[in-house]
Amino acid sequence: MQLVFLGAPGAGKGTQARWLSKEKGIPHIATGDLLRSAVQKKTGPGLAAAQYMNAGTLVPDSITLDVLKERFAEQDTEKGYVLDGFPRNVTQAEALASMLQISGWTLTRVIYFSLDEETLVKRISGRRICPQCQAVYHLSERPPRQEGRCDCGTLLIQREDDTSETARVRFQVYQQETVPLVQYYTERHLLSAVNASAGVEEVMRQVKQAVGC
Ligand code: AP5
């Protein structure tokens, strides 16, 4: 099963992808996570990607594709994956189609998370993450048991690009670069839309229905 989760920043793709990945026993591959890990390790691609990520713009396709191809080469992708945050433009969608063709696979489904700008800015600016176990919280929607601390005990942090200003830049970039993929995948009869403004459990129900599980 090869799934793509498509949608605006903060729409809840990661939250749903982590859940579905456990449910289906397939890896959750998020290009944002792969790039953040490269930045943290100060690898060549990471050093090149950091300035784009902090500004809220897209990392050049060549860097993103290199990082993704490396991840695809790992053995756990043999049963499929949930791809989160990739593709983000038509060039990346074409690159994914070529990679799938070479492996003899086809895309199972593209789940499109639709959400308005004001809601996503609130979600992004209220998001806190655990640097230890990678759990994701929201100050008001999904608070941890103890304020400021992950349920695993680690101090929570805010992503550098999670300010409301950068969230608005990311939304503009999304509209210009990524929204054309809605038509791209609709024309290929692969797109299922979910209403991402609903609560987590309701979105989960819609994702289940779209994926057929
Ligand atoms: P990336 O890490 O992919 O960020 P994003 O797409 O902007 O998505 P987010 O991680 O912000 O949001 P999400 O949809 O996963 O929401 P979440 O579930 O966390 O990309 C970061 C940067 O990396 C990019 O700007 C770019 O520079 C670069 N990059 C990455 N991929 C690239 C690519 N392919 N090409 C080029 N550059 C690339 O939820 C958000 C918050 O809301 C959380 O606090 C959560 O608890 C809460 N929440 C979730 N669901 C709900 C709900 N239903 N109700 C209420 N609250 C909810």
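When a ligand or atom number is given, it counts from 1 through the structure's own listing order.
- The residue Asp33 has no part lying near ligand 1, judged by heavy-atom distances below 4.0 Å.
- The shortest heavy-atom distance from Gly126 to ligand 1 is not under 4.0 Å.
- Of all the heavy atoms of Leu35, the ones lying under 4.0 Å from any atom of ligand 1 belong exclusively to the side chain.
- With a 6.0 Å radius and a threshold of 12 heavy atoms from other residues, nucleotides or ligands, Glu94 has its CD atom above the threshold.
- The nearest protein atom to atom 21 (C) of ligand 1, hydrogens excluded, is given as Arg159 NH2, 3.5 Å; this is a heavy-atom distance.
- Proximity of Met204 to ligand 1, defined as any heavy-atom pair under 4.0 Å, is not found for any part of the residue.
- By the criterion of a heavy-atom distance under 4.0 Å, the side chain of Thr64, and not its backbone, is placed next to ligand 1.
- Looking at atom 54 (N) of ligand 1, its nearest protein heavy atom turns out to be Arg123 NH2, 3.2 Å.
- A side-chain N or O of Asp61 and one of Asn89 form a donor-acceptor pair less than 3.5 Å apart.
- Using a 4.0 Å cut-off between heavy atoms, Glu141 contacts ligand 1 through its side chain alone, with no backbone atom that close.
- Here Ala198 has backbone heavy atoms under 4.0 Å from ligand 1, and that is the only part of it that gets that close.
- Here the heavy atom of the protein found nearest to atom 6 (O) of ligand 1 is Arg88 NH2, 2.6 Å.
- With a heavy-atom cut-off of 4.0 Å, Tyr137 touches ligand 1 through its backbone alone.
- With a heavy-atom cut-off of 4.0 Å, Arg142 touches ligand 1 through its side chain alone.
- Remark: minimum distance from atom 45 (C) of ligand 1 to any protein heavy atom is reached at Thr15 OG1, 3.9 Å.
- A salt bridge links Arg71 with Asp76: at least one charged nitrogen is closer than 4.0 Å to a carboxylate oxygen.
- Glu117 and Arg168 are joined by a salt bridge, as a carboxylate oxygen and a charged side-chain nitrogen come within less than 4.0 angstrom of each other.
- Residue contacts with ligand 1 for Arg128 are absent, since no atom lies close enough (heavy atoms, distance under 4.0 Å).
- Looking at Val121 and Phe171, their side chains never come closer than 4.5 Å, going by heavy atoms from C-beta outward.
- The protein non-hydrogen atom at the shortest distance from atom 16 (O) of ligand 1 is Gly12 N, 3.2 Å.
- Considering backbone and side-chain N/O atoms, Gly10 comes within less than 3.5 Å of an N/O atom of ligand 1.
- Taking the six-membered ring for Trp and the full ring otherwise, Tyr81 and Phe72 have centroids separated by under 6.0 Å.
- The side chain of Gln92, and not its backbone, has at least one atom closer than 4.0 Å to an atom of ligand 1 (non-hydrogen atoms only; side chain from C-beta on).
- Heavy atoms from other residues, nucleotides or ligands lying under 6.0 Å from CD of Glu147 number 12 at most.
- Taking the charged nitrogens against the carboxylate oxygens, Asp162 and Arg170 do have a contact shorter than 4.0 Å, which makes a salt bridge.
- Using modelled atom types, one finds no donor on one side chain facing an acceptor on the other under 3.5 Å when comparing Gln172 with Gln176.
- Residues Thr119 and Asp116 have side chains that bring a donor and an acceptor to within less than 3.5 angstrom of each other.
- Listed by first and then second residue, the salt bridge (Lys or Arg N to Asp or Glu O under 4.0 Å) pairs that reach into residues 34-54 are Asp33-Arg36, sequence neighbours excluded.
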